[in-house]
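Here is the structure we will look at.
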2 protein chains.
Amino acid sequence: MKRNSRLSAVLHALLHMAERNAPMTSDELATCLQTNPVVVRRTMAGLREAGLVISGRGHGGGWTLGRPLEDVTMRDIYTALGEPMLFQMGNVTESPGCLVEQAVNHALDDAFRDAEAMLIARLGEVTLATLADDFKRRFAEHRAALKQPG
Amino acid sequence: MKRNSRLSAVLHALLHMAERNAPMTSDELATCLQTNPVVVRRTMAGLREAGLVISGRGHGGGWTLGRPLEDVTMRDIYTALGEPMLFQMGNVTESPGCLVEQAVNHALDDAFRDAEAMLIARLGEVTLATLADDFKRRFAEHRAALKQPG
DNA sequence: TCTATTCGTAACTATTATTATTACATGAAA
DNA sequence: TTTCATGTAATAATAATAGTTACGAATAGA
């Protein structure tokens with residue numbers, strides 16, 4: 001059931017970075033995300049190009065956020081990742097000669113395009129700050145639950 | 001770029017069946033869809049269980065539509081296919097212990113769930129008859145273009 | 001300068017999901 | 001009873017993704 005998880009993985013990484021003042025190394029992030037440091041570098045490369053994160057080499061190097069949490073939406077991240085296909089099901093042929101297939105593709109494209117537009121708009125409404133606040137709320141609840149069990 | 005194409009393939013197949021009065025064999029459908037007859041049988045099995053198509057064995061056997069075109073929506077087919085995942089990107093962990101990951105998953109789940117609901121609703125609005133009409137329109141246009149070139 | 005560290009990236013391997021194929025059993029019609 | 005066609009399990013091939021190894025380049029500190 002585990003599919004392309006880059007978007008959620010990246011969000012996860014960025015929030016962990018936000019919790020810190022110092023740069024996080026690819027190794028640390030890889031441990032957080034339960035993956036490989038090279039995969040981290042590969043994924044973060046797109047974000048670096050978009051200015052969302054900054055990387056530094058050598059001693060004290062690693063990954064830092066490049067913009068305030070309020071200024072980065074999930075859509076920005078989606079874009080920086082190269083706008084990967086959101087849908088599992090695509091059309092088979094790009095320019096089908098079969099008119100039956102054209103009719104099918106047209107109907108599906110319409111529906112999928114609208115849903116995708118809606119999804120992307122939603123991604124644009126949520127900033128990293130929103131997510132960080134949600135995390136803090138969960139953290140507070142978690143601590144309260146520990147203090148007052150039962 | 002070619003992903004799970006079952007929905008479009010099945011629609012394609014059903015419309016070809018609608019154009020005929022006799023049953024179509026798995027081999028014929030496989031040729032239409034540029035795939036393998038066993039894949040056709042496997043895919044159509046779900047539709048048969050849902051009563052959307054009827055299969056017959058032996059001489060004169062093959063696949064026939066089980067309901068009028070007006071009574072079958074794209075959503076019915078989606079359901080008969082076992083409601084496959086529509087989205088490429090899922091969350092990594094189902095019940096993550098990490099609170100950061102919980103916050104991320106929650107936000108993504110919200111957005112994806114809404115988009116999925118919208119898409120499924122749209123699929124429910126389009127019947128096979130709609131698609132067949134669209135095909136006929138395209139066919140008429142195609143013939144007109146052939147008669148009057150330039 | 002030398003060394004330890006850390007990213008950057010190419011090349012390769014492993015894993016997983018999907019699709020295709022083979023093989024054979026079952027059922028129906030001529 | 002022969003021929004045709006589906007039903008389905010088992011297996012192979014393919015493709016997408018993720019993981020690994022290896023090494024170069026840059027940076028900071030001794």
Side-chain angles (χ1 to χ4, degrees), chain A residues 1-10 12-13 17 20 22-50 52-66 81-82 84-93, chain B residues 1-10 12-13 17 20 22-50 52-66 81-82 84-93:
Chain A
M1 203 62 86
K2 171 178 165 183
R3 299 263 162 191
N4 184 336
S5 56
R6 285 193 297 164
L7 182 54
S8 68
V10 164
H12 192 169
M17 286 161 60
R20 284 241 212 149
M24 286 185 78
T25 67
S26 303
D27 278 276
E28 287 169 330
L29 287 172
T31 303
C32 269
L33 307 181
Q34 301 182 79
T35 181
N36 192 288
V38 178
V39 174
V40 170
R41 289 187 204 120
R42 219 145 51 187
T43 307
M44 302 291 274
L47 302 207
R48 184 183 51 231
E49 282 161 29
L52 300 178
V53 296
I54 298 164
S55 66
R57 304 208 229 196
H59 277 280
W63 301 91
T64 331
L65 293 178
L81 288 173
M85 295 283 289
L86 292 175
F87 295 106
Q88 191 81 259
M89 319 171 79
N91 295 325
V92 185
T93 318
Chain B
M1 201 65 83
K2 171 178 166 184
R3 297 265 159 186
N4 184 335
S5 55
R6 284 194 295 165
L7 182 55
S8 69
V10 165
H12 192 170
M17 287 161 61
R20 284 244 210 146
M24 285 185 79
T25 66
S26 303
D27 279 276
E28 287 169 329
L29 287 172
T31 303
C32 269
L33 307 181
Q34 300 182 79
T35 182
N36 192 287
V38 178
V39 174
V40 170
R41 291 187 202 117
R42 219 147 48 190
T43 306
M44 303 291 274
L47 301 208
R48 184 182 52 230
E49 282 161 29
L52 300 178
V53 296
I54 297 164
S55 65
R57 304 209 231 197
H59 278 279
W63 300 91
T64 330
L65 293 179
L81 289 174
M85 296 282 289
L86 292 175
F87 295 106
Q88 191 83 259
M89 319 170 82
N91 295 324
V92 186
T93 319

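Every chain is numbered from 1 and lettered A, B, ... according to where its sequence line falls, protein lines coming before strand lines.
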(request) Please report the closest heavy-atom contact between A:Pro23 and A:Gly60, naming both atoms and the distance. (result) CG-O, 3.6 Å

(request) Please state how far atom CG in B:Leu29 lies from atom P in C:dA20, giving the value in whole angstrom units. (result) 14 Å

(request) For residues A:Cys32 and A:Met24, report the shortest heavy-atom separation together with the two atoms involved. (result) SG-CE, 4.2 Å

(request) Answer yes or no: is there a side-chain heavy-atom contact under 4.5 Å between B:Leu81 and B:Leu47? (result) yes

(request) Using a cut-off of strictly less than 4.0 Å, decide whether A:Arg6 has a side-chain nitrogen or oxygen near OP1 or OP2 of D:dA16. (result) no

(message) For D:dA18 and A:Thr35 - does any side-chain N or O of the residue sit under 4.0 Å from the phosphate oxygens OP1/OP2?
(response) no

(message) Can you list, in residue-number order, the parts of residues 52-63 of chain A that come under 4.0 Å of DNA chain D, counting heavy atoms only?
(response) A:Arg57, A:Gly58, A:His59

(request) Would you mind reading off the distance between A:Gln34 atom CD and D:dT20 atom P, rounded to a whole angstrom? (result) 13 Å

(message) OP1 or OP2 of D:dA5 versus the side-chain N and O atoms of B:Thr25: is any pair under 4.0 Å?
(response) no

(request) Round to a whole Å and report the spacing from CG of A:Leu81 to P of D:dA18. (result) 11 Å

(message) Measuring from atom CG of B:Asp27 to atom CG of B:Asn36, what distance do you get when rounded to the nearest 0.5 angstrom?
(response) 8.5 Å

(message) Rounded to whole Å, how long is the line connecting atom CG of B:Leu47 with atom P of D:dT6?
(response) 14 Å

(request) Find the distance B:Leu33:CG to C:dA20:P and express it as a whole number of Å. (result) 10 Å

(message) Between P on C:dC7 and CD on A:Glu49, what's the gap in Å once rounded to a whole number?
(response) 17 Å

(message) Would you say that A:Trp63 contacts A:Ser55 through its side chain, given a criterion of any heavy-atom pair below 4.5 Å between the two side chains?
(response) yes

(request) Find the distance B:Asn36:CG to D:dA12:P and express it as a whole number of Å. (result) 16 Å

(request) Can you see which heavy atom on A:Ser26 is nearest to which on A:Val40, and at what distance? (result) O-CG2, 4.0 Å

(request) Could you list by number each residue of residues 37-45 of chain A showing a heavy-atom separation from DNA chain C of less than 4.0 Å, or answer none if no residue does? (result) A:Val38, A:Arg41, A:Arg42

(request) Might you point out which heavy atoms bring A:Met17 and A:Leu65 nearest each other, and give the distance in Å? (result) CE-N, 3.6 Å

